[in-house]
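As structure tokens, the structure follows; a few thoughts come after it.
Computed over heavy atoms, backbone and side chain alike; hydrogens, waters and symmetry mates excluded. Proteins get letters first, then strands, A, B, ... in listed order; numbering begins at 1 in each.
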2 protein chains.
Amino acid sequence: MKPGPRRSISQADIVDAAFEIFEEKGGDAVSIRGVAARLGLTPTAMYTYFTSKNALQRAMVEQVFSGVDLAAAGDPSLPWRARVQRLAADLRSRFAEHPGAIVLVASGPLDGRQAMSFGETLLAGFTSEGMPLADAARATAAVRAYVLGAITLDASDSGVDTDAADAPSALWTEATQHPLTEAARLLAADASSDPFASGLDRLLDGFGAAAAAN
Amino acid sequence: MKPGPRRSISQADIVDAAFEIFEEKGGDAVSIRGVAARLGLTPTAMYTYFTSKNALQRAMVEQVFSGVDLAAAGDPSLPWRARVQRLAADLRSRFAEHPGAIVLVASGPLDGRQAMSFGETLLAGFTSEGMPLADAARATAAVRAYVLGAITLDASDSGVDTDAADAPSALWTEATQHPLTEAARLLAADASSDPFASGLDRLLDGFGAAAAAN
DNA sequence: ACCTGAACACCGTTCAAGT
DNA sequence: ACCTGAACACCGTTCAAGT
């Protein structure tokens, strides 16, 4: 309990503690002081592990990306399209475990090692299908955008930070300003059809990625 | 200058002031107190206009979406595909005017009137092509995801909040851990090829949206 | 209705100092 | 190297009160 060079804790411990608070009280509640308190540390001790709150947030993003099984994307027994689907679904699942964590991606550069490896893996897969690098780069960019955007919409729809009171004037209960959106919502409710995979399939169709058996 | 019921200011003025600070000092620097000071108001006066900082941030998102020319999407002289491209590029441009503002989208539900109208417009366009509502809903979801994700990556790549000091350990200068990503980056540098529109085209191809003349 | 001033319970970060 | 304690310059939000 005395001060001194004791390295009582690791960077991973700090990231884990940060996610615990994130899950319990939401993203806005994650503070250097709060994480430090949970670990029995002084706020200033945190700066031994991370140079700033921003750096901690970047490490949190890396932790989410590190949960993606990139090795599975190299499995040659599966067609490439199936492996892209797996990769994409995997990343989406990892973010689903931390609702709202996608904001951390939007708030800074996505240049961590794990995040970079995700892109590299996509690029490797497309080129391995005989796709020229320039085309593979376009396909990779499109898939990355699609997946990140879908995760963003997941978070939006699941009501992250929905304080209800902050909602726009609630007179929409009367007449819907957006009839088609409403109709589509009702239609999707019982169909239990998750458009994520099919949308990605359409995107891969467009890029002429070798189609799976189906 | 005396207190009293003077409505010296509008909600739009507050949003504008918030964006001014956003542009000048970054998203983290936007505070209720700071915006109030810029307008010559007391922080507490702000709560007459917005119930919380969150509500202000939602209004900022709405302001960005309101800059999209939805009417242009109804122009019957253009094929629908061209109008989707226009809509998507327009939204992207509006966010490009406020680098980093995409975080505001990720941090709360996207249920403002302008944001909803954007989706409704996409839905209307796809169905007007004879696409069944269920398919149009999937296409709309995919396009929304693609565009929002692309905007997120725009912000990431343009180095929003890049403090340099927070960057992951900088030993990548030696040997690239991601050779394909690096090769693609070099390849794209001189080509000046913006993959945004072409990626969207591939997505629309996949959904079988009536192709334009090309 | 719109605004002020005081107050509460917090923040991130820096600095000098201890072991 | 790792940690503490004090301090600086801030936050969002609430409350009672004025016009």
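- At least one side-chain heavy atom of B:Arg58 sits less than 4.5 Å from a side-chain heavy atom of B:Pro109.
- With distances taken from any side-chain atom of B:Ile32 to the nucleotides C:dG12, D:dG12, D:dC2, the minimum falls on D:dG12.
- With DNA chain D read from its 5' end, the first of the two nearest nucleotides for A:Arg33 and A:Pro43 is the one closest to A:Pro43.
- Here the P atom of nucleotide C:dC2 and the CD atom of B:Gln11 are 10 Å apart, to the nearest Å.
- Closest to the side chain of B:Lys53, from the set C:dT13, D:dT13, C:dC3, is D:dT13.
- Residue A:Met46 contributes atom CE, which lies 13 Å from atom C1' of C:dC11 at whole-angstrom precision.
- Pairing partner, C:dA17: none, since no Watson-Crick or wobble contact has both distances short of 3.5 Å.
- Judged by the 6.0 Å and 45° rule, A:Arg92 forms a cation-pi pair with A:Phe196.
- In this structure C:dA9 sits in no base pair that meets the Watson-Crick or G-U test at under 3.5 Å.
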Legend entry - A:Gln177 and A:Glu182: CA distance, side-chain angles, deciding distance, side-chain contact (heavy atoms from CB on, under 4.5 Å) verdict: CA-CA 9 Å; A:Gln177 301 274 351; A:Glu182 181 65 14; over 6 Å; no
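- A distance of about 22 Å separates the P atoms of D:dC10 and C:dA9, rounded to the whole Å.
- Taking only side-chain atoms of B:Tyr47, from C-beta outward, the nucleotide of D:dT13, C:dT13, D:dC3 with the closest atom is D:dT13.
- Classification of A:Arg38 and A:Glu20 as a salt-bridged pair holds, one side-chain N sitting under 4.0 Å from a carboxylate O.
- Whole-Å rounding puts the B:Asn54 CG to D:dT13 P distance at 8 Å.
- Taking the six-membered ring where the residue is Trp, the centroids of B:Phe22 and B:His98 are separated by 6.0 Å or more.
- Close to D:dT4, at under 4.0 Å from its OP1 or OP2, lies a side-chain N or O of A:Thr42.
- Rounded to an integer number of Å, the gap from B:Leu56 CG to D:dC11 P is 14 Å.
- Rounded to whole angstrom, the span from the CZ atom of B:Phe50 across to the C1' atom of D:dT14 amounts to 19 Å.
- OP1 or OP2 of D:dC11 has at least one side-chain nitrogen or oxygen of B:Ser31 nearer than 4.0 Å.
- Projected onto DNA chain C by closest heavy-atom contact, A:Thr44 and A:Gly34 fall at different nucleotides, the more 5' of which corresponds to A:Gly34.
- Distances from the side chain of A:Leu41 to the nucleotides C:dG12, D:dC3, D:dT13 place D:dC3 closest.
- In this structure, B:Tyr49 reaches the C:dC3 phosphate: one of its side-chain N or O atoms is under 4.0 Å from OP1 or OP2.
- Atom C1' of nucleotide C:dC10 and atom CD1 of A:Ile21 are separated by 14 Å, given to the nearest angstrom.
- Distance, A:Asp28 CG to C:dG12 P: 11 Å, rounded to whole Å.
- The separation between A:Lys25 atom NZ and C:dC10 atom C1' is 12 Å, rounded to whole Å.
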